[in-house]
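Here's the structure, in C-alpha cells; my notes come after.
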2 protein chains.
Amino acid sequence: MAERRITSQDVADLAGVSRTTVSFVLNNDTRFSIRPETQQKVHDAAAKLGYVPNASARALASNQAKAIGLIMTRDTHYISSDVFLPQLIGGLLDSVKLFGISLLIEWVEPGQQLQTYHKLTGSKHIDGMILTISRDDDTGLKVLEDADIPVVLMGTVPNSQLNSVDIDNAASARKAVNHLLKLGHRQIACITDAQLPYSSATQRLRGYKQALAAAGVSIDESLVRFGDFDAESGYKAMQSLLKSKHEFSAVFAASDNISFGAMEAAREAGLDIPGDLSFVGHDDIPLARFANPPLTTIRVPAAEIARQSCQLLLELLTDKVSPKQNILLETELIVRNSTKEKEGTNR
Amino acid sequence: MAERRITSQDVADLAGVSRTTVSFVLNNDTRFSIRPETQQKVHDAAAKLGYVPNASARALASNQAKAIGLIMTRDTHYISSDVFLPQLIGGLLDSVKLFGISLLIEWVEPGQQLQTYHKLTGSKHIDGMILTISRDDDTGLKVLEDADIPVVLMGTVPNSQLNSVDIDNAASARKAVNHLLKLGHRQIACITDAQLPYSSATQRLRGYKQALAAAGVSIDESLVRFGDFDAESGYKAMQSLLKSKHEFSAVFAASDNISFGAMEAAREAGLDIPGDLSFVGHDDIPLARFANPPLTTIRVPAAEIARQSCQLLLELLTDKVSPKQNILLETELIVRNSTKEKEGTNR
DNA sequence: TAGGTGTATTAACGCGCGTTAATTTATATT
DNA sequence: AATATAAATTAACGCGCGTTAATACACCTA
C-alpha cells in the first residue's frame, strides 16, 4: 500500500522508450507502425509494473469516456419491483464487457428530466445513453434529440427522432388477446401494466382493443383498469374489477407482475384459475413458469433488447452518421395453464 | 448542436472573475471566503451558460472520481434471475443521488477476479466499491484488502478484513425452521439458495441444522439439496427430494426464488401446499406475497442493505481511518399461508 | 557520396479542472 | 498616516494521457 501510482511514463522508462510509444502500443494505434520487438518490450514492461491506465486522464485527453449510461426514469420505488431490470442489466453487462467499456446507472428524478439530461450530456461522463421506457409526456426527450450525445430508447415514444429498440407492444397484446378469443372468451377484462402516459401501457391497451374489434367484440371500457408496475397495483385493479360486478371470463394482464397480483385477488374472491377465469400475462418473467397455475404469457426477449440496444448505441458511437433506427423484436405466446376454453357460466 | 463546450473559463469571463474563483464558488470551498455578491455573479454566469463541469477533468485534477461501483461476481445468467437486484439498485440509487455521485455496475467474470479487481482499483474510475455476495473461495478478495480502495461487502466472507453489511443468515434460517418446528414439523427438508461456496448458502444451511439440533431433531443429510439461485434449480432439487422417497412434511427453501420452483415441483407431484407440505422461503421478494399460496418467508431488508452499504462506503471515503465494521441487519418472519400445523400423514 | 523515401520514435502541447502560493485590496490597530 | 492583519482574488502548475508535428534513423537509388 501507499505505493505510488504507476503511470505510462514508468512503463516508458522501464521499456526504454518514450511515453508516446507506450500509448501507441497499448492502444493498438495502427497509423504508426511500431517494431514488433519494441511492442513486446512495452507489453512486458506494462505487465511487470501492473500498469493500468487512468480512466479519467484517458477520457479527458481522448474526449471519450468509454462508458455508457443506463438511464432509469421511474421512481426508485418502482425500480425496486422492476422484474425486468436484472435481465436488462445482465444483457448490458454482456455486451459492455465485450467492448471493454463501462456501464453507469443513472436515475432521473421525475420532474427533473431537463436538468438531469443536460447534466448527463454535459459532464461527458458517458459517451452515450440507453433510456429505459419513458412516458409519452417526457418533456426532456427533446433535449436529447438536440444534444450531441447518442441515445437509444428501450421502448417507444411516438414522434420521436430517437433511435429505439422495443417490441411491438400492440401486436404483442393482440397475440395475447387473440389467444383468449380463440378459446371462446368474449368478455375479456384488461389491466394495463402502467398508467397511460407510459407508452407501453398505451400500446398494449390499443392492441387489446384492436384484437377485440377485429373479432367483432364490442369494447366495454368498464372492463379496463390501469395498473402501476407492481403486483400490488394489479391486485387492487382486480379487486376493483370484481367489485364492479361486470361479467368477464378472462383477463389480459399487461405484465406478469400485474398478473401475479390480479390472480391473487381473484383467488381471494374464491375464483378458480383457469376454471372460472383465464389469465394471460405479458413479459414471461422468470417466475411466470412457476406461478400457480403456470402463467400463460407473452415472452419478451428482454436480454436481447438490452443487447441490441447496446449494440446500436455502440454503432452510433463509432459510425457518426447512420439513419435513424427503430428496431422491433418479436414476441412469442407461451401457453401454460392459466388459460382454458370458455365453458358454462362464469363468475 | 456543434456548440463549443462550455468551460469554467467561459463562466469566469462572463462573471468577470478568474477561473479559480469560479472553482471555489461552485465547489463551496469554505477555506477561501468569497464575497456573496461575487458568488452570485458566478452562479448567474454558470446558470446563464448552462455550465456543467467535465467529470473526467474534475476527477483527474481532484483525484476522486465521485463514483462508486457495484461489483457483481456472478455469471450474467444468474444476474438475470437475481430478484434482489432491483431492490439493491433502487436503494443504491437513492443514496447515491443524495450525495451527488455516480453508480457504476461492473461484472467480474468468474476466474478473472484478480485481474478485474486490479483493473478496477487501478483505473481510478471509481472511488470505492460495493461487492455483491461472493464465494468463500473468491481468491481476489485479498487483493482488495491490500488495495488502497474502500470496499464494502454486501454479504459475509469469513476471516475477511473487509467491511460488510449483511443479515445474520444463520439466525435468519433458524427463524424459518423454528417456525416449522413450532407447527409440529419434525421431518424438514432444506434446499439451499446456492451452492456451498457461497457463504449465504453455507450459513443458511448451518442455521437450519442448528435449529433442528436445538429442538432435538436429528439431522438427515438425505433431506438436504443444493439450489443454484434460480427457480429452475429449486424445481429440480424438489424433484430429486420427492424421488428419494424420504419422508418430510415441510421444506425450508433458502430463497423465495428456490421456493417458487420447489413449490411448483411439489404441485406437479400432486401435493397440496400447505396441506401435504409446508413451505418457508427466504428473502420476501415482492412477489412472495402473491404466490399461491402466499409464501411464508423471511423478510430481508434488501433496500436497507443497499443504503447502509452505500453509507458505510461513503464514510470510508471521507473519514479515511475508521474501524472495520460488520453490520448485521435484522430479518423478520412473515407468516402467510404456505405453512400449516402438521397433522395426519404426509406424502 | 548526395539525395531521396519510408519507418520508427519522440518532444511538446492541450484536454478542463483543482489547488497552492503569491498578490492585491479592504479593514483594523498603533 | 503608517503599519499590521485579514479578506478576496488570481497566476501558474500539475493531474495522466492522447495526439500532432517534428526528428532521427535505416535503407535504397542515381
Side-chain angles (χ1 to χ4, degrees), chain A residues 3-43 45-46 49-67 100 119 121-125 127, chain B residues 3-43 45-46 49-67 100 119 121-125 127:
Chain A
E3 51 214 77
R4 207 174 49 75
R5 278 201 48 65
I6 289 164
T7 73
S8 62
Q9 183 65 60
D10 298 325
V11 178
D13 290 347
L14 181 61
V17 298
S18 82
R19 215 174 51 65
T20 308
T21 305
V22 172
S23 176
F24 285 159
V25 171
L26 296 185
N27 292 330
N28 280 317
D29 199 319
T30 49
R31 293 171 307 171
F32 299 81
S33 44
I34 310 287
R35 202 185 306 154
E37 55 203 80
T38 308
Q39 298 201 20
Q40 194 55 51
K41 275 196 298 182
V42 171
H43 280 127
L49 294 174
Y51 169 67
V52 179
N54 181 303
S56 305
R58 185 200 283 253
L60 182 57
S62 68
N63 195 29
Q64 48 179 343
K66 290 272 184 191
K119 204 175 282 180
T121 60
S123 72
K124 294 281 176 187
H125 208 147
D127 298 323
Chain B
E3 51 215 75
R4 209 174 48 75
R5 279 202 46 67
I6 290 164
T7 74
S8 63
Q9 184 65 61
D10 298 326
V11 178
D13 291 346
L14 181 59
V17 298
S18 81
R19 215 174 50 68
T20 309
T21 304
V22 171
S23 176
F24 286 159
V25 171
L26 296 185
N27 292 330
N28 280 318
D29 199 319
T30 48
R31 294 170 306 172
F32 301 81
S33 43
I34 309 288
R35 201 185 306 153
E37 56 204 79
T38 307
Q39 298 201 21
Q40 193 55 51
K41 273 195 300 182
V42 172
H43 279 127
L49 294 174
Y51 170 67
V52 179
N54 180 303
S56 305
R58 185 201 283 253
L60 182 58
S62 67
N63 196 29
Q64 47 180 345
K66 290 275 184 188
K119 203 175 285 184
T121 61
S123 72
K124 295 282 179 187
H125 209 145
D127 299 323

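Letters A, B, ... mirror the listed sequences (proteins, then strands); counts begin at 1. All values below were derived from every heavy atom in this structure, side-chain atoms included, with hydrogens, water molecules and symmetry-related copies excluded. Since the structure is predicted, the reported quantities are computational estimates derived from the model, not experimental observations.
How far CZ of B/Phe24 is from CZ of B/Arg31: 6.5 Å, rounded to the nearest 0.5 Å. Here the CZ atom belonging to A/Arg5 is positioned 5.0 Å from the CG atom belonging to A/Asn54, to the nearest 0.5 angstrom. Atoms NZ and CG, from B/Lys41 and B/Leu14 in turn, are 10.5 Å apart once rounded to the nearest 0.5 Å. Here CZ of A/Arg58 is found 13.0 Å from CG of B/Leu60. Values are rounded to the nearest 0.5 Å.
Counting heavy atoms from C-beta on, the side chains of B/Gln64 and B/Lys124 never come closer than 4.5 Å. Between A/His43 and A/Val11, the closest side-chain pair of non-hydrogen atoms is not below 4.5 Å. A heavy-atom distance below 4.5 Å is not found between the side chains of A/Val22 and A/Val25. You'll find the side chain of B/Leu26 reaches within 4.5 Å of the side chain of B/Tyr51, heavy atoms only. Between A/Asp13 and A/Arg19 there is no side-chain heavy-atom pair separated by less than 4.5 Å.
At its two ends the helix from C/dT1-D/dA30 to C/dT30-D/dA1 runs along axes set 60° apart, each axis drawn from five pairs and the angle rounded to 10°.
Atom-to-atom, CZ of A/Arg5 to P of D/dC15 comes out at 11 Å; the value is rounded to the nearest Å. Following rounding to the nearest Å, A/Phe24 (CZ) and C/dT10 (C1') show an atom-to-atom distance of 9 Å. Atom CG of B/Asn63 is separated from atom C1' of D/dC15 by 8 Å (rounded to the nearest Å).
Of the residues in residues 6-13 of chain A, none lies under 4.0 Å from DNA chain C by heavy-atom distance. Less than 4.0 Å separates DNA chain D from no heavy atom of any residue of residues 49-56 of chain B. Of the residues in residues 25-42 of chain A, those with a non-hydrogen atom less than 4.0 angstrom from any atom of DNA chain D are A/Asn27, A/Arg31, A/Phe32.
Contact annotation: B/Ser18 reaches the phosphate of D/dT10 (side-chain N/O to OP1 or OP2, under 4.0 Å).
For A/Thr20, the side-chain atoms get nearest to C/dT10 when compared with the rest of C/dT10, C/dC17, C/dG18. Counting only heavy atoms from C-beta on, B/Leu60 has its side chain closest to C/dG16 among C/dT9, C/dG16, D/dT10.
With sequence neighbours left out, A/Ser56 forms a side chain to side chain donor-acceptor pair (under 3.5 Å) with no residue at all. With sequence neighbours excluded, no residue forms a salt bridge (charged side-chain N to carboxylate O under 4.0 Å, His left out) with A/Asp127.
A/Thr38 places no side-chain N or O within donor-acceptor distance of the main-chain N or O of A/Ile34, the cut-off being under 3.5 Å. No side-chain donor-acceptor contact under 3.5 Å links B/Thr21 to the backbone of B/Val17.
Judged by closest nucleotide on DNA chain D, B/Arg19 is the one of A/Ala61 and B/Arg19 placed further toward the 5' end.
If you check every strand for non-hydrogen atoms under 4.0 Å, A/Thr21 touches a base.
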